[in-house]
Structure formats: C-alpha cells, structure tokens
Amino acid sequence: MESKDQTPPREPFPGTGPAFIEIDTARPRRWLGWIGWLMLYILAAGGLGLLLYRFTRSPWLAGLLVVFMSLYMLLMGYLAMRNIRLHEREDRGDR
C-alpha cells in the first residue's frame, strides 16, 4: 500500500545550516601547546637516543643518529606543509 503523502521529509530545524565550531586561539593556550609539543618531542628523542645507545654502545653515534633523524623529520614536515600551502593558494586562484 502506497502512502498518499508525497511531500519530502522536513529538516528538524529549517534554515539553521551546518554547525560551526569556534577554535580559541588565545595566545597563552597557543604557547602552552607549543611547549607541550616540544616536551613530547624531546622526550621521544631522548627515548630514541637511549635505545640507540643500548644498540651501539657509543653515545656519539647515538646522538648523531638522533640529531640526523630529528632534522630530517623536521625538514620533511616543513616541505610537506609548504606544498599544502602552495596547493591551497592555487585552489583559491592566488599565485
């Protein structure tokens, strides 16, 4: 049996549109975020340094490997972010 009512279903709250979330960009919170990430980075690099020291038994080699890997990761992260920004600019029409 078919329903005689052919009207499309209504929106629960007509005209409201999509919901937006505001992100607080207050300066103190931003600095706390940077300090937190830096501490996490140093902790991970220190743990990796200790692990490599146990494998190599050379503090110089372990330190050199950690510094090389950290700089390489930072460089690749920078290049990846730069490419994303360039693509976003091209999508907007900026050159």
Side-chain angles (χ1 to χ4, degrees):
M1 214 168 171
E2 241 180 83
S3 172
K4 292 181 182 180
D5 186 20
Q6 297 295 325
T7 59
R10 292 188 311 148
E11 296 178 30
F13 302 104
T16 56
F20 292 98
I21 298 174
E22 291 187 27
I23 299 173
D24 184 21
T25 57
R27 286 198 178 269
R29 295 189 91 185
R30 192 175 343 159
W31 280 108
L32 284 175
W34 275 103
I35 291 170
W37 278 111
L38 184 63
M39 295 300 290
L40 181 65
Y41 191 82
I42 290 171
L43 182 69
L48 182 63
L50 286 173
L51 182 69
L52 289 173
Y53 174 72
R54 289 193 65 182
F55 286 139
T56 63
R57 289 291 180 206
S58 170
W60 290 104
L61 183 58
L64 186 65
L65 285 170
V66 168
V67 167
F68 169 75
M69 289 191 318
S70 297
L71 290 176
Y72 182 78
M73 286 188 296
L74 287 172
L75 177 65
M76 290 300 116
Y78 169 75
L79 291 176
M81 285 303 295
R82 193 182 79 176
N83 284 339
I84 289 172
R85 288 186 193 127
L86 288 175
H87 289 296
E88 286 175 351
R89 251 190 256 147
E90 287 174 2
D91 289 343
R92 284 193 316 247
D94 302 342
R95 299 225 176 194

Please table the atom pairs, donor to acceptor, closer than 3.5 Å between any side-chain atom in residues 36-54 and protein atoms at least two apart or in another chain.
from: Tyr41; atom 1: OH; to: Ser70; atom 2: O; distance (Å): 3.3

- request: Report whether Met76 and Tyr78 are members of the same hydrophobic cluster (ILVMFWY, side-chain heavy atoms less than 4.5 Å apart, transitive linking).
  value: yes
task: Treating Ile, Leu, Val, Met, Phe, Trp and Tyr as nodes and any side-chain heavy-atom pair under 4.5 angstrom as an edge, say whether Leu61 and Val67 lie in one connected cluster.
output: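 Looking at the clustering, Val67 is in a separate group from Leu61.
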Residues in side-chain contact (heavy atoms from CB on, under 4.5 Å) contact with Leu75, at least two apart in sequence or another chain: Leu79
